[in-house]
Amino acid sequence: MQLKKDAVILGIETSCDETAVSIVRGGREILADEIISSATEHVRFGGVVPEIASRAHTEAVQEATSRAFAAAGLGFDDIDAVAVTYGAGLLGALLVGVSYAKGLAYALDKPLVAVNHIRGHIAAAYLADKTLEPPFVTLLASGGHTAVIFVKSYTEHEVLGSTLDDAAGEAFDKVARVLGLSYPGGPNVEKLAREGKKSIAFPAMLKGTHTFDFSYSGLKTSVVNYVHTKSQKGEEFSAADVAASFQSAALDVLADKLFSAAEKCGIKTVAAGGGVAANGYLREELSRRAAEKGFKLVLPERRYCTDNGCMIAAEGYIQYSSGNFAGLDLNAKASIPLKNALRGGAGKE
Ligand code: KG4
Ligand code: ZN
């Protein structure tokens, strides 16, 4: 098969509560970017309900795909491959995207490409800066992962450090719940934090440069204990101060470790991806430090930090260019260890 440098990839993402379908040319140029979210359906449950998410994907995937082709002004025959998130994520939700992508690839006689969601988040940086090339060091901070990763080439990644327990996004979601904020937790904690002061000394975990690993369970427990103790004693406290203090304890360490890991690798280009990288406080910290230290920072727009289809098409293009195609026996995977996710051929773990 002849690989096309300007290959047009359809990207389908259904791992959580967003049905996202995109069309990207040459791994960099966004031709269509459609998202139908079921987030509002989950609000009253305080988190994503897998069955509701799966049903919503089933209802939305065709519509999102039609909209993407219409927005790009392309027909089915104009795409070169169908890329789909096969893991990690909610199994039933993933299966909707995987089944739909398989059907489309088979019917159109186009190659199917399996994309690992985490690698999609990393690839979002290529959309943000069309000149970006590896090597660079990236921060991955989502609802399931927190890691600093050395991107040595488009397909070679080394985990320099990762969380030993909870992910940063998970801690935001938990803190949101204890503060009585509704789902989605992260953006609501950020909003509340803007009204507060960093006045409470929550423990900053695994600080320093002896390790690039992270730990969020101690910080999370400490915030939960603070709120519960105050409530039980009937003492007043400022929820906004809790949010602001938690936010800086949770995020400063991410910025610290990203830059110190890059310095250790002798790399002057850093990037970030994953839902937590949409956080305004973190974005400011990263920008400030990059300017101070003379680093080039590639920060995808907020909507390309949270789940989207473009990042799946961007990573799909990398897999397509490497000739890594999936068979129609491709299955969805609920969990994939980070090290496996970053190894060579996606879909073959
Ligand atoms: O990457 P993502 O959209 O989905 C996963 O792959 O997990 O990340 C979702 C996570 C959630 O935990 C959410 O609370 C967090 O990212 N998040 C944020 C913000 N926006 C999303 N955390 C802090 N501040 C935000 N603005
Ligand atoms: Zn994600």
**Message:** Contact between Lys198 and Phe246 at the side-chain level, heavy atoms closer than 4.5 Å - yes or no?
**Reply:** no
**Message:** For His117 and His121, take the angle between the two ring planes, folded into 0 to 90°, and tell me which bin it lands in: parallel under 30, tilted 30 to 60, perpendicular over 60.
**Reply:** perpendicular
**Request:** Check whether more than 12 heavy atoms from other residues, nucleotides or ligands sit under 6.0 Å from atom NZ of Lys296, and answer yes or no.
**Result:** yes
**Prompt:** Taking Lys102 for the side chain and Leu328 for the main chain, is one N or O donor matched with an acceptor at less than 3.5 Å?
**Reply:** yes
**Message:** Quick check for you: to the nearest 0.5 Å, what is the distance between Asn308 atom CG and Glu34 atom CD?
**Reply:** 12.5 Å
**N-O pairing of Lys174 and Asp166 below 4.0 Å** = no
**Message:** Do Val113 and Ile9 have side chains that approach each other closer than 4.5 Å (heavy atoms only, starting at C-beta)?
**Reply:** no
**Item:** Other residues, nucleotides, ligands: >12 heavy atoms within 6.0 Å of Lys233 NZ
**Value:** no
**Request:** Indicate yes or no for a side-chain donor-acceptor contact from Arg119 to the backbone of Arg343 under 3.5 Å, with no hydrogens or angles considered.
**Result:** yes
**Message:** Closer than 3.5 angstrom, by distance alone: can the side chain of Ser38 be matched with the main-chain N or O of Ala56 as a donor-acceptor pair?
**Reply:** no
**Minimum heavy-atom distance between Asp129 and Arg28, given as atom pair plus value** = O-NH1, 3.0 Å
**Request:** With side-chain contact (heavy atoms from CB on, under 4.5 Å) as the test, would you mind laying out the steps for Phe212 and Val159 before giving the verdict?
**Result:** CA-CA 9 Å; Phe212 300 126; Val159 181; over 6 Å; no
**Request:** Report yes or no: do Ser15 and Glu13 form a side-chain donor-acceptor pair below 3.5 Å?
**Result:** yes
**Request:** Measure the shortest side-chain to side-chain distance between Glu285 and Leu254 over non-hydrogen atoms and say whether it is less than 4.5 angstrom.
**Result:** no
**Prompt:** Is Val43 reachable from Leu192 through a run of I, L, V, M, F, W or Y residues, each pair having side-chain heavy atoms under 4.5 Å apart?
**Reply:** no
**Item:** Same apolar cluster (I L V M F W Y, side chains within < 4.5 Å links), Phe214/Phe172
**Value:** yes
**Request:** Using modelled atom types only, decide if a donor and an acceptor are shared between the side chain of His57 and the backbone of Cys16 within a distance under 3.5 Å.
**Result:** yes
**Prompt:** Looking only at heavy atoms, what is the nearest atom pair of Leu299 and Ala272, with distance?
**Reply:** CD1-CB, 3.8 Å
**Request:** Please answer whether the main-chain N or O of Ile200 pairs with a side-chain N or O of Tyr226 as donor and acceptor at a distance below 3.5 Å.
**Result:** no
**Prompt:** Distance-only, no hydrogens or angles: does the Asp307 side chain make a donor-acceptor pair with backbone N or O of Glu18 under 3.5 Å?
**Reply:** no
**Request:** Work out which heavy atom in Ser54 is nearest to a heavy atom in Ala93; give both atom names and the distance.
**Result:** OG-N, 3.4 Å
**Geometric class of the Tyr154/Tyr126 ring pair [parallel <30°, tilted 30-60°, perpendicular >60°]** = tilted
**Item:** Minimum-distance pair of heavy atoms, taken over all atoms of Pro203 and Ala249
**Value:** O-CB, 4.4 Å
**Asked** Mind checking whether Ile118 and Val151 sit in one hydrophobic cluster, side chains of I, L, V, M, F, W, Y counted as touching below 4.5 Å?
**Response** yes
**Asked** Does CZ in Phe237 sit with more than 12 non-hydrogen atoms of other residues, nucleotides or ligands closer than 6.0 Å?
**Response** yes
**Prompt:** Are Val98 and Leu10 connected in a single hydrophobic cluster, I mean Ile/Leu/Val/Met/Phe/Trp/Tyr linked by side-chain heavy atoms less than 4.5 Å apart?
**Reply:** yes
**Asked** Does a side chain donor of either Tyr183 or Asp173 reach within less than 3.5 Å of an acceptor in the other side chain?
**Response** no
**Request:** Quick one: do Glu158 and Lys339 satisfy salt bridge (charged side-chain N to carboxylate O under 4.0 Å, His left out)? Show the steps, please.
**Result:** CA-CA 8 Å; Glu158 183 188 338; Lys339 287 218 161 61; over 6 Å; no
**Side-chain ion pair, Lys197 and Asp241, N-O less than 4.0 Å** = yes
**Prompt:** Does one side chain, of Tyr281 or Asp252, offer a donor that lies under 3.5 Å from an acceptor on the other?
**Reply:** yes
**Request:** Test Ser22 against Asp33 for side-chain hydrogen bond (donor to acceptor under 3.5 Å, both in side chains), laying out the working first.
**Result:** CA-CA 4 Å; Ser22 72; Asp33 174 18; over 6 Å; no
**Asked** Would Arg289 and Glu292 pass as an ion pair if we require N to O under 4.0 Å?
**Response** no
**Asked** Salt-bridged, Arg25 to Glu29, with N to O below 4.0 Å?
**Response** yes
**Item:** Student check: side-chain heavy atoms of Tyr320 and Val82 closer than 4.5 Å
**Value:** no
**Message:** Among residues at least two apart in sequence or on other chains, which ones pass side-chain hydrogen bond (donor to acceptor under 3.5 Å, both in side chains) with Thr163?
**Reply:** none
**Prompt:** Less than 4.0 Å between a side-chain N and a carboxylate O, is that true for Glu301 and Arg283?
**Reply:** no
**Asked** Any Lys/Arg nitrogen of Asp80 or Lys110 sitting under 4.0 Å from an Asp/Glu carboxylate oxygen of the other?
**Response** no
**Prompt:** Is the shortest side-chain N to carboxylate O distance from Asp213 to Lys257 below 4.0 Å?
**Reply:** no
**Request:** Flag yes if Tyr86 and Val96 sit in one hydrophobic cluster, no otherwise; membership is Ile, Leu, Val, Met, Phe, Trp, Tyr, and two members link when side-chain heavy atoms are under 4.5 Å apart.
**Result:** yes
**Message:** Show the nearest heavy-atom pair for residues Asn331 and Leu95, with the distance to one decimal.
**Reply:** OD1-CD2, 3.9 Å
**Item:** Between Asn324 and Ser322, a side-chain donor and acceptor under 3.5 Å
**Value:** no
**Prompt:** So, for Ser162 and Leu338, which heavy atoms are closest and what is the spacing to 0.1 Å?
**Reply:** CB-CD2, 4.0 Å
**Request:** Apply salt bridge (charged side-chain N to carboxylate O under 4.0 Å, His left out) to Arg194 and Glu190, showing your working.
**Result:** CA-CA 6 Å; Arg194 265 184 245 133; Glu190 179 185 354; 3.6 Å; yes
